[in-house]
Participant: 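Right, I'll just put the structure down here and ask away after.
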Amino acid sequence: MLKVFNTMTRQKETFEPMTPGVVNMYVCGPTVYNYIHIGNARSVIAFDTIRRYFEYRGYQVKYVSNFTDVDDKMIREAHKEGITVPELGDKFIQAFKEDTAALNIEPATANPRATDFIQEIVSFIEKLITKGYAYPVDGDVYYRAHKFADYGKLSHQNIDELEEGASQHTNDEETARKEDPIDFALWKGAKPGEISWPSPWGAGRPGWHIECSVMSTHFLGDTFDIHGGGEDLTFPHHENEIAQSEAETGKPFVHYWMHNGFVTVGDENQKMSKSLGNFVTVHDLIKTVDPQTLRFFMATTQYRRPIQYTQQNIDTAARNLQRLQTAYDNMGYRLKDAEAGNDPKTEQETRQLVADYIDAMDDDFNVQNGVSKVYDLARLGNVYAERSFVLKGTLEFMRQTLADLLGVFGVVLTEADSLDDDHIQSLIDERIQARQDRNFQRSDEIREQLKNQGIILEDTPQGTRWRKEN
RNA sequence: GGUGGUAUAGCCAAGUGGUAAGGCAGAGGUCUGCAAAACCUUCAUCGUCGGUUCGAAUCCGAUUACCACCUCCA
């Protein structure tokens, strides 16, 4: 029985999809005014891992994630670069796709852009005005937060407390136009020179939260299973989405709200964010860090836990991943001399580990316990592969199982390099001869020579094999 | 001020009542001509104080520290 932690109820709840066997989920994507940083990457990886686990468990997943491609920051950044807002959006949407591909993120079912939904956004706002949940002022339109009785139910904030906080920021002109400080913009009138679209309230652009209400319901219906995003989106973004959507449709918006924890960085253990300026972009990072290592590192931290981004943690993740890859290789090498057949006892032990893995992952995606079972499987495989007599069916079963379990984390195991490199093979042959002649000086010389070329030799009871150094 | 979260070995990190999973690093060992890889063994009493209980890392109270949200942010 799969359980997920629901931010709304602050509890783990049994996951029951609206349609049996199908999961409809929406994950808030980035505002595309820069390369994504590793905090964005964490969110993308967390929810991709969740998606993959659902798929591993046999669910069909419809996964929608948006691009917010117009807002103040987009306008500012485009102006700075001397390009248009759509050009800026194109550039960083492309970059997003490249970066997330490197992290082995499954492409979303749909990746809608806010600016492709302006008409629907305008209609949505008109309906909110008709229902009395919104009001136009001088070309802007604001949401009347007090009108929505449940405002604050997701973030568990008292509306009066929020008001107190909001009223401390009353010195801008926008706030002056609102009926109430906690009201928020659905539509913003354009200033001269700004990108804009026509509307009943004059030329302007959507506010920040409305695009997600419109696009999520467009693709997934008025009510859907899961809505995800970083925990900083709980308030105000998701709170406002609920207010907008439920006022519009009169139906519950989302069944399960899921929020991922932050990436912290440096000795201060501070949240990394674009606004704090202490961020590392994926674009830059993967020039020096293996993307698969980064993926493994982040995917194997439970999504609600904070991640401390440090070099030491990355290094450890790289070793851990290597250990799993080596186990896969160790079993793979034995396929050549394995006999046909299966070992029921070892396969039963493997199945038990898979069952334990599923138990762990079913508990709100407890990847720490899940991955510990993968290490157990690697050990089981290593021990089996050291037997003098091995069976092919069992080796293949364990290898496939290992690959499947790691696949949930978005890790792809590679096949060992084939032994068809003539140059290396001739040196290995020479070294085998030298060892037979007990000419260890020559044999060590060859091993050293290959090592300098990044080739590691390993002598096993089944012969000498080689691999590339990591 | 309001609302949450976190504190477990050198590091990362599981664990919601019965005498602390897993990984990295360290130590010892097996295998090897020597290595490498692998395997085996070993390494903590759970921020602090008090309470409940036959028994608590796990429940209750207090306390300390750090982080986040309440304003754009994954």
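Reminder, nothing fancy here: chain letters follow the sequence lines and each chain counts from 1. What's counted below: heavy atoms across the whole structure, side chains too, no hydrogens, waters or symmetry copies.
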Participant: Over how many whole Å does the gap from A:Q325 atom CD to B:A38 atom P extend?
Facilitator: 12 Å
Participant: Please state how far atom CZ in A:R319 lies from atom C1' in B:G22, giving the value in whole angstrom units.
Facilitator: 16 Å
Participant: Can you tell me the pairing partner of B:C59 across any strand shown, Watson-Crick or G-U wobble, with both distances under 3.5 angstrom?
Facilitator: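 B:C59 is paired with B:G51.
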Participant: Hey, is A:R465 close enough to A:D329 for a salt bridge, meaning N to O under 4.0 Å?
Facilitator: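 Salt bridge flag = no for A:D329 with A:R465.
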Participant: Side chain of A:Y375 only, heavy atoms from C-beta on: which candidate in B:C39, B:G22, B:C70 is closest?
Facilitator: B:G22
Participant: Does the base of B:C24 carry an N or O that pairs as donor and acceptor with the side chain of A:R323 under 3.5 Å?
Facilitator: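 Checked by distance alone, the answer is no.
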Participant: What orientation do A:F54 and A:F15 show, parallel under 30°, tilted 30 to 60°, or perpendicular over 60°?
Facilitator: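 The rings of A:F54 and A:F15 sit tilted, inter-plane angle from 30° to 60°.
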Participant: Donor-acceptor pair under 3.5 Å: do we get one between A:D459's side chain and the base of B:C34?
Facilitator: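 Such a pair exists between side chain and base.
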Participant: For B:U71, what is the paired nucleotide under Watson-Crick or G-U wobble rules, both distances under 3.5 Å?
Facilitator: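 Base-paired to nothing in any strand shown.
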Participant: Quick one: label A:G229 by what it contacts on the DNA or RNA (base, sugar-phosphate, nothing), any heavy atom closer than 4.0 Å.
Facilitator: sugar-phosphate
Participant: Of the listed nucleotides (B:A74, B:C70, B:A38), which one gets closest to any side-chain atom of A:L162?
Facilitator: B:C70
Participant: Scan every strand shown for a Watson-Crick or G-U wobble partner of B:A7, both distances under 3.5 Å, and answer none if you come up empty.
Facilitator: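 The base-pairing partner of B:A7, which may sit in any strand shown, is B:U64.
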Participant: Is a donor-acceptor pair below 3.5 Å formed from side chain A:S443 to base B:G33, judging by atom type as modelled?
Facilitator: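 Such a pair is found, so the answer is yes.
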Participant: Mind calculating the distance between NZ (A:K271) and C1' (B:C67) to the nearest angstrom?
Facilitator: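 Interatomic distance, NZ of A:K271 to C1' of B:C67: 11 Å.
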Participant: On RNA chain B, compare the nucleotides closest to A:V263 and A:F297; which residue's is nearer the 5' end?
Facilitator: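 On the 5' side of the pair lies A:F297.
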Participant: Do the side-chain N or O atoms of A:Q368 get closer than 4.0 angstrom to the phosphate oxygens (OP1, OP2) of B:A21?
Facilitator: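 No, A:Q368 has no side-chain N/O under 4.0 Å of OP1/OP2 on B:A21.
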Participant: Among B:A74, B:A37, B:G22, which is the nearest nucleotide to the side chain of A:R465?
Facilitator: B:A37
Participant: Determine: side-chain N/O of A:N158 to OP1/OP2 of B:G2, distance under 4.0 Å, yes or no.
Facilitator: no
Participant: ring-ring contact (aromatic ring centres under 6.0 Å, His included) for A:H146 and A:Y151? Distances and angles first, verdict last.
Facilitator: CA-CA 7 Å; A:H146 266 96; A:Y151 193 77; 8.4 Å; no
Participant: Of the listed nucleotides (B:U32, B:A37, B:C69), which one gets closest to any side-chain atom of A:R435?
Facilitator: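 In terms of side-chain proximity for A:R435, the closest of B:U32, B:A37, B:C69 is B:U32.
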Participant: Judged by each residue's nearest nucleotide on RNA chain B, which is more toward the 5′ side, A:K373 or A:G29?
Facilitator: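 Of the two residues, A:K373 wins.
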Participant: So what's B:A38 paired with, Watson-Crick or G-U wobble, going by both distances under 3.5 Å?
Facilitator: B:U30
Participant: Could you work out which one of B:A74, B:A38, B:A21 sits closest to the side chain of A:M272?
Facilitator: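 Selected nucleotide: B:A74.
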Participant: Under 3.5 Å, is there a donor on one side chain and an acceptor on the other for A:T68 and A:R113?
Facilitator: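 Checked: A:T68/A:R113 side chains show no N/O donor-acceptor pair below 3.5 Å.
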Participant: Which nucleotide sits closest to the side chain of A:N369: B:A37, B:G15, B:A35?
Facilitator: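 Per side-chain heavy atoms of A:N369, the pick is B:G15.
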Participant: I need the CD-C1' distance between A:E448 and B:A36, as an integer number of Å.
Facilitator: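 One finds 12 Å between C1' of B:A36 and CD of A:E448, rounded.
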Participant: Contact class for A:L457 vs. all strands (heavy atom < 4.0 Å): base, sugar-phosphate, or nothing?
Facilitator: base
Participant: Rounded to whole Å, please give me the gap between CG in A:D160 and P in B:U3.
Facilitator: 13 Å
